[in-house]
Amino acid sequence: MNKPASSAELLCKARTLAGLTLAELAELLDYQLPPNLLKDKGTIGQLLERYLGASAGSKAEPDFPELGIELKTLPIDALGQPLESTYVCVAPMQLGGIQRWQDSWVCQKLSHVLWIPILASRHIPLPERIIGRAFLWQPSAAQQALLRQDWEELMELLMTGRLAEIRGAHGEVLQLRPKGANSKAVTTAVGSEGQPVLALPRGFYLKTAFTRQILQEQGYC
DNA sequence: ATTTGATCATGT
DNA sequence: ACATGATCAAAT
């Protein structure tokens, strides 16, 4: 699909999908929907990327580079509550990575997001799940401060060899969790003595309480 | 191996 | 019931 020329155009186009089922969207794109998400977890996001004209592929840049906008689907239940945490990006695990919050992937990716809620309770068959009303979001100063605080805390632990201490419960709004093919995937990280060690790759995720707050601001739930 | 798209599914 | 830790596929 064509690239949107402005954020307004992008939002407008995304909103035309509100109320459609995933089967209907798949038909618009002449795409064969998988029976479920067991082996195709990212398929909904990819479908919307295609429809809205996002850059394809897995490049480490915003979905709409010219607009600086990141597209995120958000599974919600019938009450408008988020069903899952939201993946943001992988975490730099080696020394010499990004130091400043302003330059971090988390900050950049979350600076401007097109959220597309999907009514996606697990009992609803994939084709029958319904696309919600998309909205653009930029973090408020308070939200930004929360994100920054968590990010700085987690990065401090990562860079000082205390990765082993980190669990998903760390952080108010942002958490660090495994992000890899499986529990045997490895990447280089900082060991307890500052030495390079192999460790499970991690990613940053937004906790559901945070995305719930974003939805509430928009009049969902 | 890494980053993208995320959700699954078990343990608490 | 829910979050944490585990996992799946494609593109690069």
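Below, chain A is the first sequence line, B the second, and so on; all start at residue 1.
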Dump the pairs, protein N or O against N or O of nucleotides 1-4 of chain C, anything under 3.5 Å, distances to one decimal.
| residue | atom | partner | partner atom | Å |
| --- | --- | --- | --- | --- |
| dT4(C) | OP1 | G168(A) | O | 3.2 |
| dT4(C) | OP1 | A169(A) | N | 3.1 |
| dT4(C) | OP2 | Q175(A) | NE2 | 2.6 |

Would you say the side chain of K184(A) and the base of dT7(C) hold a donor-acceptor pair, judged only by whether the two atoms sit under 3.5 Å apart?
no
The correct set of residues in residues 60-67 of chain A placing a heavy atom under 4.0 Å from DNA chain B is A60(A), D63(A)
Under 4.0 Å, counting only non-hydrogen atoms across every strand here, what does G180(A) touch: a base, just sugar-phosphate, or nothing?
base
Which whole-number value in Å describes the distance from Q46(A) CD to dC8(C) C1'?
11 Å
Under 4.0 angstrom between Y87(A) side-chain N/O and dG5(B) OP1 or OP2:
no
Under 4.0 angstrom, heavy atoms only, what part of the nucleic acid is P201(A) near: base, sugar-phosphate, or nothing?
nothing
Check whether any side-chain N or O of K179(A) sits under 4.0 Å from OP1 or OP2 of dT7(C), and answer yes or no.
no
Between R148(A) and Q102(A) the two heavy atoms that sit nearest each other are NH1-NE2, 4.0 Å
5′-ward residue of the pair R129(A)/K39(A) relative to DNA chain B:
K39(A)
Considering non-hydrogen atoms only, spot the tightest contact between L114(A) and A134(A) and give its length.
CD1-CB, 4.1 Å
Linked hydrophobic residues, L38(A) as query - side chain contacts closer than 4.5 Å
none
